[in-house]
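Only a predicted model underlies this, so the values are computations on that prediction, with no experimental measurement involved. If you read the sequence from its start, that first residue is 1, and numbering goes on from there.
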Amino acid sequence: MWCVIAMEDLVRGCCPRGRRRYGLWSRLRMCLIFLVGLYIAIPFLVKICPAIQTQLVFLNLVRFPYFIDLKRPQDQGLNHTCNFYLQPEEDVTIGVWHTLPAVLWKDAQGKDLAWYEDVMSTNYPVILYLHGNAGTRGGDHRVQLYKVLSSMGFHVISFDYRGWGDSVGSPSESGMTYDALHVFDWIKARSGDNPVYIWGHSLGTGVATNLVRRLCERETPPDALILESPFTNIREEAKSHPFSVIYRYFPGFDWFFLDTITSSGIKFANDENVKYISCPLLIMHAEDDPVIPFHLGRKLYNIAAPARNLRDFKVQFVPFHKDLGYRHKYIFRSPELRQILREFLGSPEPQQ
């Protein structure tokens with residue numbers, strides 16, 4: 001009898017623990033089923049709704065820093081910068097910053113847009129900066145680059161494509177390229193005989209080569225093109241992007257993801273565009289870039305260097321060792337950057 005009572009006590013003691021273990025396993029199993037189902041469903045959602053993939057390419061709704069006032073570049077330490085707006089097309093407005101050469105910062109205090117436009121014709125070169133996806137023209141790494149270039153004696157014109165920052169419109173590759181063309185023409189109408197260079201970073205390299213190809217075709221090339229952390233084309237970049245790792249070996253990856261991008265009219269074919277460019281070309285890439293792999297920048301250079309249209313122009317590739325830690329967007333920190341630009345572009349200092 002005592003044995004029976006002991007067994008009953010043992011069962012009472014064990015059953016709650018068994019039920020808890022079963023409940024935990026059940027929840028884990030349901031969570032695993034949900035994650036597997038989501039993993040399988042996402043490619044179909046992307047295929048059915050291409051706008052999802054488009055947003056992943058542009059990330060224009062990811063605005064950071066979130067609380068800066070783009071109308072006040074001085075809040076970012078740019079007290080020699082003017083904010084204004086241009087209208088490339090009806091129903092499209094883009095926000096623009098014009099940062100002066102640092103030597104003019106005292107003269108710029110309290111001046112209006114007309115004064116900034118007039119001073120563009122003085123003897124300083126101009127860089128049109130085309131930023132990458134996500135964020136705005138006020139992103140910290142972008143602002144730090146403006147400061148470096150300004151200290152070297154460049155005017156820096158930066159802007160947000162339609163759909164980015166406080167710019168109005170819906171983003172597309174063709175729209176971004178047209179915005180860049182409009183700003184370039186605005187610069188050329190005010191810069192006199194001063195050199196105008198185009199600098200593209202990350203996704204902005206795709207806009208830059210689109211723009212420069214178009215300028216070369218109409219026989220108005222820029223004085224040089226600078227590509228920072230570029231890729232070959234959007235398909236190769238998407239396949240190499242860290243976000244694609246979990247799907248890279250998914251059956252039908254190209255059809256689900258890559259074909260969806262190109263069918264949305266997004267190509268950014270740098271590897272094709274460089275064959276039609278006729279101006280000096282500088283490519284810079286960090287070996288430890290986790291977003292756009294270094295080998296894509298090297299591959300683009302290997303395509304550009306022997307291109308027939310570039311045979312009469314300087315084509316240079318500058319790698320930055322991985323130990324420097326410049327990754328995707330910190331090349332502006334390089335102490336060698338100033339010398340690299342001076343040697344490639346010539347001294348930006350005004351002639352007296």
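Arg213 and Asn309 share no side-chain donor-acceptor pair at under 3.5 Å. Side-chain N/O atoms of Glu173 and Asn210 include a donor and acceptor closer than 3.5 Å. Counted by atom type alone, Asp166 and Tyr85 present one or more donor-acceptor pairs between their side chains at under 3.5 Å. Side-chain polar atoms of Asn60 and Trp164 form no donor-acceptor pair below 3.5 angstrom. Side-chain N/O atoms of Ser172 and Arg162 include no donor and acceptor closer than 3.5 Å. Using a 3.5 Å distance cut-off with no hydrogens or angles, the side chains of Asp160 and Thr136 do not pair a donor with an acceptor. A side-chain donor from one of Thr205 and Asn270 sits under 3.5 Å from a side-chain acceptor of the other.
In this structure a side-chain-to-backbone donor-acceptor pair under 3.5 Å is missing from Tyr161 to Ser167. Distance alone, capped at 3.5 Å, is enough to place a donor-acceptor pair between the Asn194 side chain and the Ser191 backbone. Panel note: side chain Ser240, backbone Glu237; no donor-acceptor pair is recorded below 3.5 Å. Judged by distance alone, with hydrogens and angles left aside, the side-chain atoms of Thr262 form a donor-acceptor pair with the main-chain N or O of Asp259 at under 3.5 Å. In this structure, Thr232 contributes its side chain and Asp271 its backbone to no donor-acceptor pair below 3.5 Å. The closest donor-acceptor contact from the side chain of Ser264 to the backbone of Ile266 lies at 3.5 Å or more, if one exists at all. Looking only at distances, no side-chain donor or acceptor of Glu228 sits under 3.5 Å from a matching main-chain atom of His201. A distance-only check finds a donor-acceptor pair linking the side chain of Asn133 to the backbone of Val57 [under 3.5 Å]. Using modelled atom types, no side-chain atom of Thr209 and backbone atom of Val274 make a donor-acceptor pair closer than 3.5 Å. Without hydrogens or angle criteria, Lys111 side chain to Asp107 main chain gives a donor-acceptor distance under 3.5 Å.
Taking hydrophobic clusters as Ile, Leu, Val, Met, Phe, Trp and Tyr residues chained together by side-chain heavy-atom distances below 4.5 Å, Met152 does not share a cluster with Trp105.
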> Going through the distances and angles, do Phe320 and Asp288 end up as a side chain to side chain contact (heavy atoms under 4.5 Å, CB included)?
Replying inline: CA-CA 8 Å; Phe320 293 87; Asp288 59 337; over 6 Å; no
> Run the side chain to side chain contact (heavy atoms under 4.5 Å, CB included) check on Phe268 and Asn273 step by step: do they pass?
Replying inline: CA-CA 9 Å; Phe268 291 114; Asn273 288 338; over 6 Å; no
>> Before you tell me yes or no, could you show the steps for Leu282 and Val318 under side chain to side chain contact (heavy atoms under 4.5 Å, CB included), namely the whole-Å CA-CA distance, both residues' side-chain angles and the distance that decides it to 0.1 Å?
In response: CA-CA 8 Å; Leu282 171 64; Val318 179; 3.8 Å; yes
>> Pair Arg218, Asp185 - check salt bridge (charged side-chain N to carboxylate O under 4.0 Å, His left out), show working.
In response: CA-CA 12 Å; Arg218 76 176 194 184; Asp185 287 342; 2.4 Å; yes
> Between Tyr326 and Phe332, is a side chain to side chain contact (heavy atoms under 4.5 Å, CB included) present by the stated rule, with each step listed?
Replying inline: CA-CA 8 Å; Tyr326 296 150; Phe332 71 84; over 6 Å; no
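Remark: Lys314 NZ is packed, more than 12 non-hydrogen atoms of other residues, nucleotides or ligands lying under 6.0 Å away. More than 12 heavy atoms of other residues, nucleotides or ligands sit less than 6.0 Å from atom CD of Gln109.
Salt-bridge formation is not detected for the pair Lys267/Glu272: no Lys NZ or Arg NE/NH1/NH2 atom is positioned less than 4.0 Å from an Asp or Glu carboxylate oxygen. The pair Asp75-Arg72 meets the salt-bridge criterion, since a charged nitrogen lies less than 4.0 angstrom from a carboxylate oxygen.
Summarising the geometry, atom CG belonging to Leu113 is positioned 9.5 Å from atom CG belonging to Asn83; distances are rounded to the nearest 0.5 Å. One distance of note links CZ of Arg142 with NZ of Lys329; it measures 8.0 Å at 0.5 Å rounding. Distance check: Ile198 CD1 to Cys279 SG gives 7.5 Å after rounding to the nearest 0.5 Å. Here Ile331 contributes atom CD1 and Met284 contributes atom CE; the two are 5.5 Å apart, rounded to the nearest 0.5 Å. In this structure, the separation between CG on Leu145 and CG on Asp140 is 11.5 Å, given to the nearest 0.5 Å. Rounding to the nearest 0.5 Å places CD of Glu89 at 10.0 Å from CD1 of Ile94.
Counting all heavy atoms, side chain and backbone alike, Leu61 lies closest to Gln55 at N-OE1, 3.5 Å.
Side chains of Leu341 and Leu337 form a contact here, defined as non-hydrogen atoms less than 4.5 Å apart.
The side-chain tip of Arg327 does not point at the ring of Tyr330 from less than 6.0 angstrom away and within 45° of straight on.
For His328 and His141, the ring centers sit 6.0 Å or farther from each other. Proximity of the aromatic rings of Tyr197 and Phe184 is defined here by a centroid distance below 6.0 angstrom, and this criterion is not met. The aromatic ring centroids of Tyr129 and Tyr146 lie less than 6.0 Å from each other.
Checked against Phe84 for a ring-ring contact (aromatic ring centres under 6.0 Å, His included), the options Trp186, Phe159, Tyr116, Trp115 give a single hit: Trp186. With His98 as the partner, the side chain to side chain donor-acceptor pair (under 3.5 Å) test is satisfied by one option alone out of His80, Glu117, Arg190, His155: His155.
Phe294 and His285 have perpendicular rings, their planes meeting at more than 60° on a 0 to 90° scale where under 30° would count as parallel.
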